[in-house]
Every structure is written in structure tokens, then in C-alpha cells.
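Below you'll find the structure, written out as C-alpha cells, and then a few comments.
None of these values were measured; they are calculated from a predicted model. Start at 1 and go down the list; that is how both ligands and their atoms are numbered.
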Amino acid sequence: MPIRQLKVSGVRNLQPLDLSLHSGVNFIYGANGSGKTSILEAITLMATGKSFRTSQLKHVLQLEADGIRIEMDVSDETFGDCHLDSLRLKGGDHLLKLNGSVLTSQAEATHWLPVQIIDPTTFKLLSGSPEERRQFIDWGVFHVEQSFMDQWKTFRKQLKQRNAVLKQKEEEWLPVWNKGFIESAQVIDQHRRDYLKRFKPEFERILNELDDSIGVSLAYYPGWDKDSALEEVLQRQKERDMVLGYTQSGPHRAELRIKVDKQPAAEILSRGQQKTVVAALKIAQGAMFQQETQRSTIYLVDDLASELDEKHRFALCKLLEDLKCQVFITSIDKDKLTDIWKPAASKVFHVEQGHVREDNPAQD
Ligand SMILES: Nc1ncnc2c1ncn2[C@@H]1O[C@H](COP(=O)(O)OP(=O)(O)O)[C@@H](O)[C@H]1O
Ligand SMILES: [Mg+2]
């Protein structure tokens, strides 16, 4: 699923760029603060509608610029070719187009661009809030199950309505709303369960290839006491739900528990080991996505050298190469990248104070 051409303007310190990318590996190197991460940030902005660095897009907008414009030509193994065009104005308006037609939701663009990020903050997938791990599972389900987005929206609606009833203390209406809530909760739960069941062996295989000394187990928690039916739990928690004015249990509270010897992995593993586990989770997800959809993930690996030591870096690069997907890897030092890994097919880009240039383009 490679991005063939990438145009960006108005992002951080980047000068307007127009790059022909490689469908395999794209190395990006340059000094600290030159703009490497900003290139990955622009790709993510198109792929997810968000930045992975900030929750406030105004910080991504270049100082003095009127808006952020990102355009991409994408070739997909299944969907064919497309042109994505996103314009975000300073005032907050966003115009997103697919082949010239305006899109009303980010999800369509996201479907075209299944992106996974491995960067210096990704260890937070283990130590951060349950929401991060819930989103991790849902990335997989969303990209594999076409219907999941609509089902998730239905569930959110049911949850909102139930919460409104709780806030209004309209107890007599609860059984009516419970029914729809439980039905859509079970659909979401089943998707996540099925997904993780298939995901676990893939994760174990990949983690073993990256580092066979780390033993990690994955346990799914649906968002309510697993030994009880959701209906029972809602009944049990009714009084408290009404006091709180929201629903304490349900798929909105689901969690992927990542453990080592029954303890949370984030409490036991070293930072480096945590990074390895997160890399394994993300690569396993891309590998599974590929097996199940015959499409491939785009990997954005930021600051690889600071992420992992040489042995793990090499193992990670090998796994990415085996996936034969499009990869973007940044590093301060060109040699740190190209010395350990010489993929058959790659392009190298150099970033200098916001200017991005391809190294030796004539040789490609
Ligand atoms: N909104 C902005 N407008 C202009 N420049 C910015 C903005 N936000 C950050 N910068 C600058 O852009 C650069 C961002 O670099 P970054 O992509 O993080 O570099 P690298 O990943 O190569 O270290 C930094 O030099 C920073 O000072
Ligand atoms: Mg950076």
C-alpha cells in the first residue's frame, strides 16, 4: 500500500516538499530539529486526522502559514490508485478530498492508509492509559472488519443515550436503553475477542524473533467482570451508575492487559524491553493485517537508533523487510541506518533545516 508521491506545505519547519517515495524502504536522516519527525507527522495527519506528537493541531501549523496542505498519491494492492488531498486552514476548517470528491469523514482516508508508528514514545502503549491499548486493538479490528466503524458509532450512540438517562435519573427508562446498549456492546466485544485470538500467536512469533528472552502474555478484559453477563453487571452497578451519571462498565472500558509473570509488563520490563515488546505488537499487527486483507501496512519508525540497540534494530529491520511493506525510518546519522541494514530496495532522503532532498536520486 505505498504512498508514491507526497506533497506537504505548512507543517512545522518543513519547506514545501514534493517527494517521489520508494514503495519499500525510505531512509530519512538529518540533524536534530531538521524536520524528520515532521515528515512522519504529516503522513500521520493524513492517515489518522491527528498528530502523534500533539493533541493541538495549531502547533503543527507552521508559524506564519495560513494552513496545512498535504497531498498523496497512493497505490493500494486491493483498492487501486487514489489521490488524497487535505487542506486545514488556520481557523480550523478542514477540507479532505479523495480523487477530487469531498470526504465527510476521516475514516475513508484512514482506510486507504493503514499506518503504524514506532517512535520514542510508543513504550507508552504498555505504561499509558487503557485507552491506548483499546485503540491498539481497534486499529486491527477497524482495518480488517469493514463494518466495525459503523458498529462502533452505534455503540457510542447507545452509550451516550444510556448516560443521558442516568444523568436525568430516569430509572424507568433504563431497561429500554439497556437492551440496545447490551446488543451493540456484544458486537464490539465479539470482534475484539476474535481479533485478539488470531493476533496472539502472531505476536508471540514476532516477539520471539525480536527477542526470545522476553516472556509476555496478553489478556483481554472486555470492560466488565468477565465472569458475569453484561446485563447482570449493569443491574448490579445501577445505583452507582446513577450517582455517577455514566456507565461504568462496557466495551468503552475494555483493556488489553500485557503481563510478565502475572505482573503488568510496564512495571517489570526495562525501558528497552518495553520498546521491543511494543515493536513486536506493532509488527505483529501489520503482519496479520497483511495476511487477512492482502494489503500492507505503512510503517513509520522514528529515531530508530535511540529506540533499540543494534541487535534489536537489526532484528526489527529484518522483520520489516520480510513484510515487504512501505517503511519510513528516520535517524540522525545516515550510517546508523545504512550500516546495519541494506535492503534491496530503498531511497535515502536528507533533511536540512526543513529542506528535504533525495540522496543520489540518479542512482535509483
Ligand atoms: N509550528 C512550527 N512552525 C515552525 N517551526 C516549528 C514549528 N514547530 C516546531 N518547529 C521547528 O521545527 C523543527 C521540528 O523538527 P522535528 O521534525 O522535530 O525535527 P527532527 O525530527 O529532525 O529532530 C524544530 O526545529 C522546531 O523548532
Ligand atoms: Mg525527531
Side-chain angles (χ1 to χ4, degrees), residues 3 6-19 21-22 25-72 86-94 113 115-125 271-272 274-275 278-279 282 298-309 312-313 316-317 320 326-341 346-359:
I3 304 167
L6 171 69
K7 274 196 204 182
V8 178
S9 63
V11 170
R12 306 255 187 205
N13 71 332
L14 292 176
Q15 295 300 309
L17 60 81
D18 185 357
L19 304 176
L21 301 169
H22 202 285
V25 180
N26 297 274
F27 287 127
I28 302 169
Y29 74 99
N32 261 329
S34 57
K36 303 178 299 294
T37 304
S38 302
I39 301 172
L40 306 188
E41 195 174 26
I43 295 172
T44 326
L45 197 52
M46 179 67 100
T48 66
K50 290 186 267 187
S51 158
F52 59 92
R53 285 210 275 196
T54 174
S55 56
Q56 291 181 295
L57 289 184
K58 65 175 184 200
H59 297 309
V60 181
L61 177 67
Q62 193 162 86
L63 303 169
E64 315 295 332
D66 296 328
I68 295 173
R69 177 90 185 260
I70 304 168
E71 287 177 81
M72 286 181 187
S86 156
L87 176 64
R88 288 172 192 274
L89 296 176
K90 200 174 188 171
D93 287 341
H94 183 206
L113 293 168
V115 160
Q116 289 278 353
I117 306 159
I118 298 175
D119 83 329
T121 66
T122 41
F123 65 87
K124 285 206 217 125
L125 186 57
R271 185 56 64 80
Q274 290 181 39
K275 289 180 173 184
V278 171
K282 299 207 165 197
I298 299 167
Y299 278 92
L300 310 180
V301 186
D302 198 19
D303 215 353
L304 179 66
S306 83
E307 280 298 271
L308 302 169
D309 60 31
H312 289 96
R313 222 150 65 213
L316 178 103
C317 290
L320 288 173
Q326 190 174 37
V327 182
F328 295 80
I329 300 188
T330 74
S331 178
I332 293 174
D333 196 344
K334 184 180 175 181
D335 299 340
K336 277 231 165 70
L337 286 175
T338 47
D339 277 6
I340 57 156
W341 188 31
S346 67
K347 275 190 180 184
V348 180
F349 297 91
H350 184 205
V351 193
E352 240 177 335
Q353 295 181 2
H355 292 272
V356 190
R357 246 174 262 112
E358 191 184 335
D359 265 10

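Scanning both residues, A42 and V11, for their nearest heavy atoms gives CB-CG2, 4.3 Å.
Panel note: side chain K282, backbone I117; a donor-acceptor pair is recorded below 3.5 Å. Side-chain atoms of K36 come within 3.5 Å of backbone atoms of G30 as a donor-acceptor pair (strictly under, hydrogens ignored). Listed for the R313 side chain is a donor-acceptor partner under 3.5 Å among the backbone atoms of L308.
With rounding to the nearest 0.5 Å, the separation of CG in L63 from CG in N13 is 10.0 Å. Atom NZ of K7 and atom CE of M72 lie 13.0 Å apart (nearest 0.5 Å).
If you run side-chain hydrogen bond (donor to acceptor under 3.5 Å, both in side chains) between D302 and each of T330, T122, T121, only T330 comes through.
Using a 4.5 Å heavy-atom threshold, the side chains of L6 and I39 count as touching.
Protein N/O/S atoms closer to the Mg ion (ligand 2) than 2.8 Å number 1 in this structure.
Between the side chains of H59 and Q56, at least one donor-acceptor pair of N or O atoms lies under 3.5 Å.
Residue-level contacts of ligand 1 at the 4.0 Å heavy-atom threshold are R12, N13, A31, N32, G33, S34, G35, K36, T37, S38, R53, H59, L61, Q62, L63.
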